[in-house]
Amino acid sequence: MTQQPNGHPHGTYGNGTYGEAPVGTVAAPHTPDHAPDPVRQALLDVRHEVAKAVVGQDSTVTGMLIALLSRGHVLLEGVPGVAKTLLVRALSAALSLDTKRVQFTPDLMPGDVTGSQVYDAANSDFSFREGPVFTNMLLADEINRTPPKTQASLLEAMEERQVSVDGVSRRLPVPFIVAATQNPIEYEGTYPLPEAQLDRFLLKLTMPLPDRAAEIEVVRRHAAGFDPRDLAAAGIRPVAGADELERARRAVAGVEVAPEVLGYIVDVVRATRAAPSFQLGVSPRGATALLNTSRAWAWLSGRNFVTPDDVKALAQPCLRHRVALRPEALMDGVQVDDVLGSILASVPVPR
């Protein structure tokens with residue numbers, strides 16, 4: 001990613017690129033030249049650890065870190081075989097966080113995710129058995145393959161960080177993040193996520209196929225004996241934990257946002273509601289999400305203030321799943337990212 005003399009990210013998503021990042025991803029943050037904050041450096045080191053197992057997805061890892069810093073959830077979209085599951089497992093290992101995986105299928109029940117009351121014959125009473133949602137990082141694999149009732153079981157967990165079973169609310173561990181995956185090309189037998197649940201995801205990150213050099217490196221590692229099921233053998237070590245993550249979250253909350261930048265965020269969001277190609281624009285929740293992610297990006301880049309470039313960098317990953325194209329735009333082959341790029345190019349940038 002190229003840098004302006006003042007160290008701010010430079011580039012635009014309008015033409016499909018931002019620095020060296022592919023469309024729909026977040027480029028690597030700039031590391032400042034001055035002595036690094038040890039907490040920030042620990043979070044940046046996570047990317048290096050994940051790269052020991054996952055090749056060519058640095059921008060997606062950065063997006064996941066931004067979601068963790070912003071206390072949000074991530075929707076990962078990519079064809080099978082681009083290491084979506086491996087990335088989440090490697091990230092949790094580098095952060096020393098507990099992770100669980102749920103394969104969402106048509107017969108999955110809500111209790112299979114949240115937990116349920118189980119009869120204990122020893123004491124003739126019912127006891128609660130925790131579901132896989134009681135973890136730090138929940139990998140919801142192929143979330144669009146399960147019916148809406150089971151999808152909805154995650155809503156309370158994602159929004160309130162708790163689950164309610166038989167009238168009793170139980171808090172989830174801290175931190176807690178849902179990383180849900182879906183296949184963008186197979187729609188037969190799927191249940192598209194409703195807008196209300198899509199809006200609960202902070203970011204939608206697309207994981208592209210690797211370029212030739214990266215794919216050669218993947219094959220070379222496997223030829224050398226790499227086993228994706230054994231992350232310890234790959235050399236991944238925990239370089240940060242829940243304490244560092246909480247300290248980083250407090251630091252992100254202190255990043256300053258000028259009134260002009262706040263106005264720019266609102267103008268970008270409001271422009272989606274007036275775009276002719278959209279039948280559904282971004283809600284105020286999307287504006288606050290763009291604010292929070294821009295703060296996290298600025299902090300990772302070594303600054304305590306947000307710039308319009310930070311907003312541009314996160315606009316597409318943060319907003320693309322919160323809008324809906326009109327049927328006629330769909331038939332014309334219009335892409336959501338192209339419309340968002342046009343909006344970013346047309347909304348006046350504060351100076």
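What you see below is based on every heavy atom in this structure, not just the backbone, and it leaves out hydrogens, waters and symmetry mates.
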Could you pull out the closest heavy-atom pair between [X] and [Y], with the gap in Å?
| X | Y | result |
| --- | --- | --- |
| Ala90 | Ala53 | CB-CB, 4.3 Å |
| Gln182 | Asn144 | CB-OD1, 3.5 Å |
| Met64 | Ala179 | CE-CB, 4.0 Å |

**Request:** Test Val54 against every option in Val218, Leu87, Leu91 by the side-chain contact (heavy atoms from CB on, under 4.5 Å) rule and name the one that passes.
**Result:**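 When side-chain contact (heavy atoms from CB on, under 4.5 Å) is applied between Val54 and each of Val218, Leu87, Leu91, only Leu87 qualifies.
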**Message:** Can you confirm whether Arg270 is buried at CZ, in the sense that more than 12 heavy atoms of other residues, nucleotides or ligands lie under 6.0 Å from that atom?
**Reply:** no
**Request:** For Arg285, look at atom CZ and say whether over 12 heavy atoms of other residues, nucleotides or ligands are found less than 6.0 Å away.
**Result:** yes
In the structure I gave you, are the side-chain heavy atoms of [X] and [Y] within less than 4.5 Å of one another anywhere?
| X | Y | answer |
| --- | --- | --- |
| Val282 | Val323 | yes |
| Val163 | Val133 | yes |
| Leu203 | Leu314 | yes |

To the nearest 0.5 angstrom, please state how far the [atom1] atom of [X] sits from the [atom2] atom of [Y].
| X | Y | atom1 | atom2 | result |
| --- | --- | --- | --- | --- |
| Ile66 | Asn292 | CD1 | CG | 11.5 Å |
| Leu319 | Ile343 | CG | CD1 | 8.5 Å |
| Phe201 | Ile177 | CZ | CD1 | 10.0 Å |
| Asp267 | Thr272 | CG | OG1 | 11.5 Å |
| Phe134 | Leu138 | CZ | CG | 11.5 Å |
| Thr181 | Glu142 | OG1 | CD | 6.0 Å |

**Message:** Show every salt bridge (charged side-chain N to carboxylate O under 4.0 Å, His left out) that has at least one partner inside residues 210-220, sequence neighbours left out.
**Reply:**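 Non-adjacent pairs meeting salt bridge (charged side-chain N to carboxylate O under 4.0 Å, His left out): Glu217-Arg220, Glu217-Arg221.
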Taking atom types as modelled and ignoring hydrogens, do the side chains of [X] and [Y] form a donor-acceptor contact shorter than 3.5 angstrom?
| X | Y | answer |
| --- | --- | --- |
| Thr135 | Thr99 | no |
| Asp309 | Thr307 | no |
| Gln162 | Arg171 | yes |

Taking [X] for the side chain and [Y] for the main chain, is one N or O donor matched with an acceptor at less than 3.5 Å?
| X | Y | answer |
| --- | --- | --- |
| Glu260 | Val349 | no |
| Gln151 | Ile143 | yes |
| Arg47 | Thr62 | no |
| Arg89 | Pro228 | yes |
| Arg320 | Lys204 | yes |

**Asked** On the ring face of Phe128, is Arg170 found with NZ or CZ under 6.0 Å from the centre and within 45° of the axis?
**Response**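 Cation-pi check for Arg170 and Phe128: passes.
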**For Ser283, all residues meeting side chain to side chain donor-acceptor pair (under 3.5 Å), sequence neighbours excluded** = Asp199
Please list, one pair per line, the donor and acceptor atoms closer than 3.5 Å that link side chains of residues 235-248 to other protein atoms, with sequence neighbours excluded.
from: Glu244; atom 1: OE1; to: Gly241; atom 2: N; distance (Å): 2.9
from: Glu246; atom 1: OE2; to: Arg71; atom 2: NH2; distance (Å): 3.3

**Message:** Run Leu44 and Leu65 through side-chain contact (heavy atoms from CB on, under 4.5 Å) and show every step you take.
**Reply:** CA-CA 9 Å; Leu44 292 174; Leu65 288 174; 5.9 Å; no
